[in-house]
Amino acid sequence: MEEEPRLSRQLSRRPTIGVFDSGFGGLTVLKALLEVIPTADYAYFGDTARLPYGSKSVETVARYAVEASHYLESQGAQLLVIACNTATALALDRISSAAHVPVVGVVEPGAEAAASATKNRKIIVIGTEATVSSHAYRKALENKGLHAREKACPLLVPLVEEGWVDHSVTEQVARIYLTEAFADGFHDADTMVLGCTHYPLLKPLLRRVAPAHVSIVDSAESTARAVLAHFKELLPSLDGAQQERRAAPRLKFFATDSTEKFRRLGQRFLRHPIENVEHVDLKE
C-alpha cells in the first residue's frame with residue numbers, strides 16, 4: 001500500500017514499464033519496446049549475479065523473478081515484461097500471482113505471432129536447453145492446433161555474448177542446429193520462432209542459414225507488440241504525459257553483478273549507449 005502515492009505521481013507524468021531478465025538478452029525486448037512505445041519510461045532489471053536461470057529449479061527461478069518484479073514495482077513500474085524465456089516458461093503464473101501490476105511474458109506472444117505467420121501449421125522453435133526442456137513453446141503452439149518441434153541451440157548464447165554475431169564459426173554452428181531442426185518430417189516447416197532473447201542479434205545470419213521459404217518470428221518484437229496492446233487497454237489515459245511526449249524515454253538500469261560489464265555487454269543488445277547502471281543486491 002505504501003507504493004500507491006508513488007504510482008499515482010508516476011501516472012500523472014508518463015507510465016513506467018518494468019522489464020526483467022536474468023541477464024542481457026532481455027535488452028532486445030527493451031529495444032523493441034522503445035520502438036513501439038516511445039511514450040513510456042522504462043526500468044530494466046538484469047539479475048546478472050544469479051544467471052543462468054536454466055540450471056536452477058522452478059522454485060528458485062520463481063523466487064528470483066518475484067524478487068526482481070517487486071523491485072521493479074518499487075521503482076514505479078506499472079506493467080511488467082518478463083523478457084526471459086526461462087522465467088516465463090517456468091514461473092509466469094507465480095510471477096503474475098505475486099505481482100500487483102499486469103504481467104506479460106515472452107512465450108505466448110511468440111506463439112501467437114507464429115500462428116499468424118504459418119501457412120502449413122508446422123513450426124520450429126529454437127531456444128536454450130532450459131526453455132526447450134520446459135516445452136512451454138510447444139504447449140502454447142499445440143494449444144493453437146499447430147505442430148511444433150523445439151530445438152535446443154546451447155552454443156548460440158555464448159557466441160552472441162562473445163560478439164560473434166556474424167562470425168563464420170557461428171554460422172557453421174547455426175547451420176548444424178537448423179539442419180537437425182528441419183529434418184525428419186519438419187523439412188517443410190514454414191515458420192521458425194526465435195525462442196531466446198539473444199537470438200535477434202543473429203537474425204541476419206539465421207536468415208541466411210534457414211531455408212528460404214521459412215518466416216522468422218522474433219519473440220522480442222512479438223512481445224513488444226503484445227505489450228503495446230496491454231498498454232493501450234490498461235493505461236489508456238496519457239493526458240498527464242502530453243507535455244513529455246516529445247522527450248526521449250527515461251531509462252533506468254539495475255544489475256545484481258558488475259555494472260561495468262552490464263554497460264559493456266548491454267550496448268551490444270540495446271544498440272544504444274547505456275550510461276548509468278545501478279547495482280542492486282537482492283537478498284538470497
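The model shown is predicted, which means the values in this text are computed figures rather than measured ones. Hydrogens, waters and symmetry mates are skipped; everything else that's a heavy atom, side chains included, is used.
You'll find the side chain of Glu142 stays beyond 4.5 Å of the side chain of His147, heavy atoms only. Residues Val157 and Cys196 form a side-chain contact, since some pair of their non-hydrogen atoms from C-beta on lies under 4.5 Å apart. Inter-residue side-chain proximity for Leu80 and Phe20 is flagged as unmet; no heavy-atom pair is nearer than 4.5 Å. In this structure, Leu159 and His167 have side chains that are not in contact, with every pair of non-hydrogen atoms separated by 4.5 Å or more. Between Met192 and Val217 the shortest side-chain heavy-atom distance does not fall below 4.5 Å. Taking the side chain as every heavy atom from C-beta outward, Arg138 and Val125 never approach each other to under 4.5 Å. No side-chain heavy atom of Ile124 sits under 4.5 Å from any side-chain heavy atom of Thr191. Ile37 places a side-chain heavy atom less than 4.5 Å from the side chain of Ile17.
A distance of 8.5 Å separates OG of Ser258 from NE2 of His279, quoted to the nearest 0.5 Å. A distance of 7.0 Å separates CG in Leu51 from NZ in Lys56, rounded to the nearest 0.5 Å. Atoms CG and CD1, on Leu251 and Ile274 in that order, are 9.0 Å from each other to the nearest 0.5 Å. Between Ile123 atom CD1 and Glu150 atom CD the span is 12.0 Å, to the nearest 0.5 Å. Remark: Arg268 CZ to Leu201 CG distance equals 9.5 Å, nearest 0.5 Å. Note: Leu30 CG to Asp21 CG = 11.0 Å, rounded to the nearest 0.5 Å.
No donor-acceptor pair under 3.5 Å is formed between the side chain of Arg149 and the backbone N or O of Phe186. Between the side chain of Gln78 and the backbone N or O of Thr16 there is at least one donor-acceptor pair closer than 3.5 Å. Counting only distance, with no hydrogens or angles, the side chain of His135 and the backbone of Val132 share a donor-acceptor pair below 3.5 Å. Between the side chain of Thr256 and the main chain of Val280, no donor-acceptor pair closer than 3.5 Å is present.
Here the closest heavy-atom approach between residue Leu27 and residue Gly266 is recorded as CD1-CA, 3.4 Å. Of all heavy-atom pairs spanning Val61 and Ala91, the tightest one is CG1-CB, 4.4 Å. When all heavy atoms of Phe262 and Ala255 are compared, the closest pair comes out as CD1-CB, 3.9 Å. The shortest heavy-atom contact between Val106 and Ala83 is CG1-CA, 3.8 Å. The minimum heavy-atom distance linking Ala189 with His213 is given by the pair O-NE2, 3.0 Å. The two atoms that bring Pro52 and Ser55 nearest to each other are O-OG, 3.5 Å, heavy atoms only.
For Phe45 and Tyr71, the ring centers sit closer than 6.0 Å to each other. The ring of His198 has its center closer than 6.0 angstrom to the ring center of Phe269.
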query: Could you walk me through whether Ile126 and Leu178 pass the side-chain contact (heavy atoms from CB on, under 4.5 Å) check?
result: CA-CA 9 Å; Ile126 58 172; Leu178 295 197; 4.0 Å; yes
Steps toward side-chain contact (heavy atoms from CB on, under 4.5 Å) verdict (Phe24, Thr48): CA-CA 8 Å; Phe24 308 96; Thr48 45; 3.9 Å; yes
message: Apply salt bridge (Lys or Arg N to Asp or Glu O under 4.0 Å) to residues Glu108 and Lys144 and explain how you reach the verdict.
response: CA-CA 11 Å; Glu108 186 59 33; Lys144 300 178 191 303; 2.6 Å; yes
Intermediate values then yes/no, salt bridge (Lys or Arg N to Asp or Glu O under 4.0 Å), Glu67 and Arg50: CA-CA 12 Å; Glu67 288 172 359; Arg50 303 193 290 199; 3.0 Å; yes
- request: Using the salt bridge (Lys or Arg N to Asp or Glu O under 4.0 Å) rule, take Arg208 and Asp166 through it: C-alpha gap first, then chi angles, then the decisive distance, then the call.
  value: CA-CA 11 Å; Arg208 292 198 304 271; Asp166 204 28; 2.9 Å; yes
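In this structure, a donor-acceptor pair under 3.5 Å is absent between the side chains of Ser22 and Asp47. A side-chain N or O of Thr128 and one of Thr131 form a donor-acceptor pair less than 3.5 Å apart. A donor atom on one side chain and an acceptor atom on the other are found under 3.5 Å apart for Tyr137 and Asn85. Judged purely by distance below 3.5 Å, without hydrogens or angles, the side chains of Gln267 and His272 never pair a donor atom with an acceptor atom. Between the side chains of Ser57 and Thr60, at least one donor N or O sits under 3.5 Å from an acceptor N or O.
Just one residue in the list Val81, Leu33, Thr28 forms a side chain to side chain contact (heavy atoms under 4.5 Å, CB included) with Thr223, and that residue is Val81. When each of Leu194, Leu202, Leu205 is tested with Leu156 by the rule side chain to side chain contact (heavy atoms under 4.5 Å, CB included), just one qualifies, namely Leu202. When Leu92, Asp93, Thr88 are each tested for a side chain to side chain contact (heavy atoms under 4.5 Å, CB included) with Val103, only one passes: Leu92.
Using a cut-off of 4.0 Å between Lys/Arg side-chain N and Asp/Glu carboxylate O, Glu59 and Arg94 are scored as salt-bridged. We find that Lys122 and Asp190 are not joined by a salt bridge, their nearest charged nitrogen and carboxylate oxygen being 4.0 Å or further apart. Using a cutoff of 4.0 Å between basic side-chain nitrogens and carboxylate oxygens, Glu180 and Arg175 are not scored as salt-bridged. Here Asp41 pairs with Arg14 in a salt bridge; the nearest charged N to carboxylate O distance falls below 4.0 Å. Using a 4.0 Å cut-off between charged side-chain N and carboxylate O, Lys252 and Glu278 make no salt bridge. A salt bridge does not link Glu221 with Lys31: every distance from a Lys NZ or Arg NE/NH1/NH2 to an Asp or Glu carboxylate oxygen is 4.0 Å or more. Of the charged side-chain nitrogens involved, none lies within less than 4.0 Å of a carboxylate oxygen, so that Lys119 and Asp188 do not count as a salt-bridged pair.
Taking the six-membered ring where tryptophan is involved, the planes of Phe253 and Tyr44 are tilted, since the angle between them lies from 30° to 60°.
When the side chains of ILVMFWY residues are joined at heavy-atom separations under 4.5 Å, either directly or via intervening members, Ile176 and Val169 end up in two distinct hydrophobic clusters.
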